[in-house]
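I'd like to ask some things about the structure below.
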Amino acid sequence: MASNEHGVPGSDATPPAADDRSEYDYVSDDVERPGLVDDLEERVAGDVRFDTYTRQLYATDASAYEMTPVGVVFPTGTEDVAAVVDYCATREIPVLPRGGGTSLAGQAVNEAIVLDFTRYMDGIIDVDPGSREAHVQAGAVLEDLNQRLAPHDLKFAPDPAAGNRSAVGGAIGNNSTGAHSLKYGKTDAYVEECEVVLADGSTATLGEMDVAELRERADADADDLLPRVYAGVVAILDDHADEVEARFPDMKRNVSGYNLDRLVDEANDGTVNLARLLAGSEGTLAIVTEATVSLETVPETKSVTLLTYESVVDAVTDVQHVLDHDPAAVELIDDTLIDLASNTAEFEDVTALLPEGTRAALLVEFYAEDDEDGRKKTAGLVADRVEGGHDGGEPDVAGGGDRYAFDSLVAHDDEERATYWKLRKAGMPILLGRTSDGKHISFIEDCAIPPEHLPEFVTRFQEILEDNDTFASFYAHAGPGVLHVRPLINTKSETDLAAMEDIADRVTDMVVEFGGSVSGEHGDGRARTQWNRKLYGDQLWGAFRDLKTAFDPDWLLNPGQVCGDVSMTENLRFSPEYEFDAGFDAELNWDNENGLRGMVELCHGCGGCRTGQDTTGGVMCPTYRAADEEITSTRGRANMLRQAMSGDLPDDPTGDEFAEEVLDLCVGCKGCAKDCPSEVDMAKMKAEVTHERHQREGASVRDKLFANVDTLAALGSATAPVSNLVSKFPGARTVMEKTVGIASERTLPTFERKTLKDWFDARGGTTVPASDADRKAVLFPDTYTNYAHPEIGKAAVRVLEAAGVHVDLADRTDSGRPAHSKGFLDKSRETARKNVAALEPRVAEGWDVVLVEPSDAVMFQSDYLDLLSGDAVETLAANTYGICEYLDVFRLDEEADWSAPDASLSYHGHCHQKATKKDHHAVGVLRRAGYATDPVDSTCCGMAGTFGYEAEHHAMSEAIGDILIDQLDDSDGELAVAPGASCRTQLGDMLDEDARDAADLVPEDRESPPTPVELLAAAVQN
């Protein structure tokens, strides 16, 4: 069976934790029910974990709920699943199948043994382009499947927003769909056959069969379970078909209750597909281990129209008429999202495109045969639906009714379309970025309403919200009548809990009145199960429960969901009984609501940190991508920290085990501060906890050495070249590893006797007089650049001078980054204070501050604001630049006379620059200088400052580095280039000679790749 690259059965890779020096194994020392663990380990080939850490990691999903499981098993195949279920059936232990844990209604948490399919059972077994089918394991990620299908111009059609981390089994369990359901419907339409484990541990293959055969094989009194299952299905057809046809909503979007409407519809034609009956069953009927799914062709091209309106009600009133034009998607953006987006740096440019007076918009996407067809469709829509419609088209359909849109925007190329979709997708991160006690809770989020009733539905929904003194945004899939509505609720408040239930109750009444569904997309779970009885009536509620009993006589498969007795206000992550105590006062500035507590409680569990490098890219989360362990994801760490500080996890967040297993494996890349939809800043939280750990427990010799590396580097430079020989003595590296824990494999820095400052003073300072310069820059000679590689600083000076900049060097060399990265916040604050005192007066005199090393630049620009307050630090931060950023922002490179050598580059940007959205500057400057530059969409290199030097982290560091090496191998560039010292050290240790040989481009040859500024200097010299 296929397996992933993380050292699992069948793989040649060695997992990082297998290194003898690694102090982590992703679990805690205490184990619940060890006898149960022993029994299961005898029966399965996969991993069995019942330790406290693992149980708490799987206590949450992407919903508002939290339930600690009995334990977690990571099965390797159907045999493992069957063994677990068989064992649990005889002992009446509930079982819960789980994919990526992205469920929004709480269906992926339960007091049960959790089966996580995403580690080992994530294979794509076979793809048959001819029959347009794929056979996959339940843990296969949807985006991975689509990437495999792309060369065949095929795709798995349902496209949930979390498709880059959602599993196929989860899509079946939820009957998932997405923005393009108008064209493709739900997952059930694509499920052809499933291999399943039934509630007694037996296995079966469910697929299409004749109704006559179903009746023949049905036996309610049989000893085996499968004939009893067939009998339960026959009972639905015989006793409840009329009620199903009468009560089930006539909608494209309905995933409430069991999938009986499709069952009855198919039976009318003489066949049924029992695999499709599992769609939307949330793991309560059987456990899917493998599935055969049908596929759709990828559309030739697309076009987008953004219709703008004066109100949300106008927009939703127009939906039914827009649908006459046969769009692939119709998405609503309301005034709340527009206002929030316009006040964020990421989306303000997009909202600026909207015509004045826009208070709502419909994003309408068409599939088209070619560009001409796409332009015809958008023009026809605009001509029909916009008052005074333009775009040169004629209405291709008479939509009818009044025109409500007052303007429109049209996009045909990929970049323009992506811009409009970016605005639509702005909703989730903005709404979920609140650090207040009130959260936008998913509990009545995705009701499905016939589009003609949307105006009244929205109006009355808003009145219900006002009655409960709250509000929500209305956005998402207006075409099929599914609006995502997340009211702001503080579940820590008894009053808000009452409001939560009142809102759900009254909205459900409205849904029933309009012939809609309580859930059109995200399922029942703990949030909506209790409303299915009101939606379907007593007869079908009883039918659901009878079907559940036929499949699962003892109700052990994910009990409580769909037709159980769960309450939407029970088992909440935050409840009136919730208490929080960090155990210390925060040292850093937290400008969000509720400060450190607000950040600790921010993660909503969407799992965006569990994505793959090759499918999603970005920085977050490098250790998860290397280890495939929940505890190494941002979600895992954030949940563990919250649980430790709230008492759910009986552990001290400053203790040894918590540090080794949870916090030490965070490399501080800052990727989560950008890539996480809620911008959970794990690096900053780690700094707080590590600082407190130092205060309580003291710090290791190694940490103190790394924190004071500027002093050590100055000493090494003063005693060079003798200091450089120390590590070359036989056995020296082994001694360093044994004494202070520096990995013996690592290439250690060497030092230059003549520093950058020495060179600058000897040449008499800058060659560009202030009178001839448009700008003046103070170049800060960071520790690495000044003492170890002054040639990089020399290149920076030459490039700045070539751009006409009057240059001076700062007197100080320590930015505070080394101490800050190791959690010595008192020391980094004092360093920041000294640098602000020295440099801010020069900024006031008209100087800019420029740094070569990316992490040091970000220290000035971002971290200083966490350490200090006041106008002086804000002024310095606002006027500090990385060198390529400086050249790009002020277009100074246009003053230089470039003549770049013939070289194509693979550019790996520094993770801190990526996290602060400054990484693109280097690429632009290098390209304008004449280099063909391929920016690699990479995560952290794995070196992460001192992380890769630490013996216990060396294996993890290289596992992360392997991901980058693979990307560089796939890049079109011939020469690897990176701006960060850590990155170049990692690449120098891992790349082959050809990929790092820069002798023809960099004056002083060395083993590590060149920096962008060195290449720019070479381009100036040539």
Check: T623/R637 side-chain N/O donor and acceptor closer than 3.5 Å: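 Yes, a side-chain donor-acceptor pair sits under 3.5 Å.
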Check ion pair R434-E679 (N to O, under 4.0 angstrom):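 The answer is no: the pair does not qualify as a salt bridge.
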Pairing residues for D681 by the salt bridge (Lys or Arg N to Asp or Glu O under 4.0 Å) criterion, not counting sequence neighbours: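 If we apply the salt bridge (Lys or Arg N to Asp or Glu O under 4.0 Å) test to D681, skipping adjacent residues, there are no hits.
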Test item: K757 side-chain N/O and D811 main-chain N/O as donor-acceptor pair under 3.5 Å: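 Yes; at least one donor-acceptor contact below 3.5 Å.
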Lys/Arg N to Asp/Glu carboxylate O, D848 vs R775, below 4.0 Å: yes
Between T755 and D758, a side-chain donor and acceptor under 3.5 Å: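 Yes, D758 and T755 have a side-chain donor paired with an acceptor closer than 3.5 Å.
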Close side-chain approach of L641 and V662, heavy atoms under 4.5 Å: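 A side-chain contact is absent here, since even the closest heavy-atom pair is not under 4.5 Å.
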Side-chain H-bond candidate by donor/acceptor type, K914 with S938, under 3.5 Å: yes
N/O donor-acceptor pair under 3.5 Å between H789 side chain and T750 backbone: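 Judged by distance alone, no pair lies under 3.5 Å.
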Result of checking V600, L588, D866 against E688 for side-chain contact (heavy atoms from CB on, under 4.5 Å):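 Single side-chain contact (heavy atoms from CB on, under 4.5 Å) partner of E688 among V600, L588, D866: L588.
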Check: K704 main-chain N/O paired with N708 side-chain donor or acceptor under 3.5 Å: yes
Sidechain N-carboxylate O distance under 4.0 Å for E894, R891: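 Looking at R891 together with E894, the answer is yes, because their closest N to O distance falls below 4.0 Å.
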Heavy-atom donor-acceptor pair, N589 side chain to L865 backbone, under 3.5 Å: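 Side chain of N589 to backbone of L865: a pair is present.
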side-chain contact (heavy atoms from CB on, under 4.5 Å) between L748 and Y949, intermediate numbers included: CA-CA 9 Å; L748 298 178; Y949 283 105; 4.0 Å; yes
E853 and T785 side chains, donor-acceptor separation under 3.5 Å: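 Side chains of T785 and E853: no pair found under 3.5 Å.
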From D814 atom CG to D782 atom CG, the distance as rounded to the nearest 0.5 Å: 10.0 Å
Donor-acceptor contact below 3.5 Å, side chain T880 vs main chain L876: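 Yes: the side chain of T880 pairs with the backbone of L876.
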Working for side chain to side chain donor-acceptor pair (under 3.5 Å), residues T766 and H806: CA-CA 6 Å; T766 185; H806 178 69; 4.6 Å; no
Salt bridge (charged side-chain N to carboxylate O under 4.0 Å, His left out) evaluation trace for D888 with R928: CA-CA 10 Å; D888 192 36; R928 290 196 295 274; 2.7 Å; yes
Ionic contact status for D808 with R842, cut-off 4.0 Å: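 Salt bridge flag = yes for D808 with R842.
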Parallel, tilted or perpendicular: rings of H694 and F824 (30°, 60°):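 Answer is parallel, since the angle falls under 30°.
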Heavy-atom check, side chain of R984 versus side chain of I792, under 4.5 Å: yes
Under 3.5 Å donor-acceptor, S1008 side chain and G988 backbone: no
Side-chain heavy atoms of V807 within contact of V768, under 4.5 Å: no
Within-4.5 Å side-chain heavy-atom neighbours: W898 and D893: yes
Point-to-point distance, once rounded to the nearest 0.5 Å, from CZ of R812 to CG of N835: 4.5 Å
Salt bridge flag under 4.0 Å for residues E830 and R833: yes
Steps toward side-chain contact (heavy atoms from CB on, under 4.5 Å) verdict (L905, L926): CA-CA 9 Å; L905 312 175; L926 287 168; 4.1 Å; yes
SB check K918 E885 (cutoff 4.0 Å): yes
Derivation and outcome, side-chain contact (heavy atoms from CB on, under 4.5 Å), residues F860 and S815: CA-CA 7 Å; F860 275 68; S815 71; 3.7 Å; yes
Euclidean distance, H820 NE2 relative to H691 NE2, rounded to 0.5 Å: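 So the gap between those two atoms works out to 11.0 Å.
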Side chain proximity check, F584 to R696, heavy atoms < 4.5 angstrom: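 Counting from C-beta outward, F584 and R696 do come under 4.5 Å.
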Any donor-acceptor N or O pair under 3.5 Å, side chains S957, R746: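 Per modelled atom types, S957 and R746 side chains form a pair under 3.5 Å.
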Residue pair Q695 / E587, side-chain donor-acceptor N/O under 3.5 Å: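 Not at all, the side chains of Q695 and E587 share no donor-acceptor pair under 3.5 Å.
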Distance (rounded to the nearest 0.5 Å) between L800 CG and L887 CG: 6.0 Å
Side chain proximity check, D897 to V1020, heavy atoms < 4.5 angstrom: no
N786 side-chain N/O to T813 backbone N/O, donor-acceptor pair under 3.5 Å: no
Derivation of the salt bridge (charged side-chain N to carboxylate O under 4.0 Å, His left out) call for D437 and R597: CA-CA 10 Å; D437 288 334; R597 175 169 71 86; 2.9 Å; yes
Sequence-distant partners of S906, side-chain hydrogen bond (donor to acceptor under 3.5 Å, both in side chains), two or more places apart: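 Here the qualifying residues are S971.
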CG/D585: more than 12 non-hydrogen atoms of other groups inside 6.0 Å: no
Salt bridge (charged side-chain N to carboxylate O under 4.0 Å, His left out) between E840 and K834, worked out: CA-CA 10 Å; E840 189 274 337; K834 290 178 179 178; over 6 Å; no
Y931/Y907 aromatic ring centres below 6.0 Å: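 No, ring centres 6.0 Å or more apart.
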Steps toward side-chain contact (heavy atoms from CB on, under 4.5 Å) verdict (D703, S700): CA-CA 5 Å; D703 283 351; S700 68; 3.3 Å; yes
Donor-acceptor contact below 3.5 Å, side chain D675 vs main chain M620: yes
Stepwise salt bridge (charged side-chain N to carboxylate O under 4.0 Å, His left out) check, K822 with E950: CA-CA 12 Å; K822 303 308 293 181; E950 296 162 359; 2.6 Å; yes
Parallel, tilted or perpendicular: rings of Y881 and F890 (30°, 60°): perpendicular
Distance-only side-chain donor-acceptor flag, S678 / H604, under 3.5 Å: yes
Student check: side-chain heavy atoms of Q913 and P979 closer than 4.5 Å: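 SC-SC contact between Q913 and P979 confirmed.
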Test side chain to side chain donor-acceptor pair (under 3.5 Å) applied to R927 and T933, step by step: CA-CA 6 Å; R927 285 173 173 171; T933 306; 5.0 Å; no
Side-chain (N594) to main-chain (T435) donor-acceptor, under 3.5 angstrom: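 At least one qualifying donor-acceptor pair exists.
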Heavy-atom closest contact (S855 atom, H912 atom, distance):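 Looking at all heavy atoms of both residues, the closest pair is CB-ND1, 3.6 Å.
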T690 side chain vs A687 backbone, donor-acceptor pair below 3.5 Å: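 A pair under 3.5 Å: no.
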V858 side chain near D863 side chain, heavy-atom distance below 4.5 Å: yes
S342 vs D339, side chain to side chain donor-acceptor pair (under 3.5 Å): CA-CA, chis, key distance, verdict: CA-CA 5 Å; S342 65; D339 290 343; 5.0 Å; no
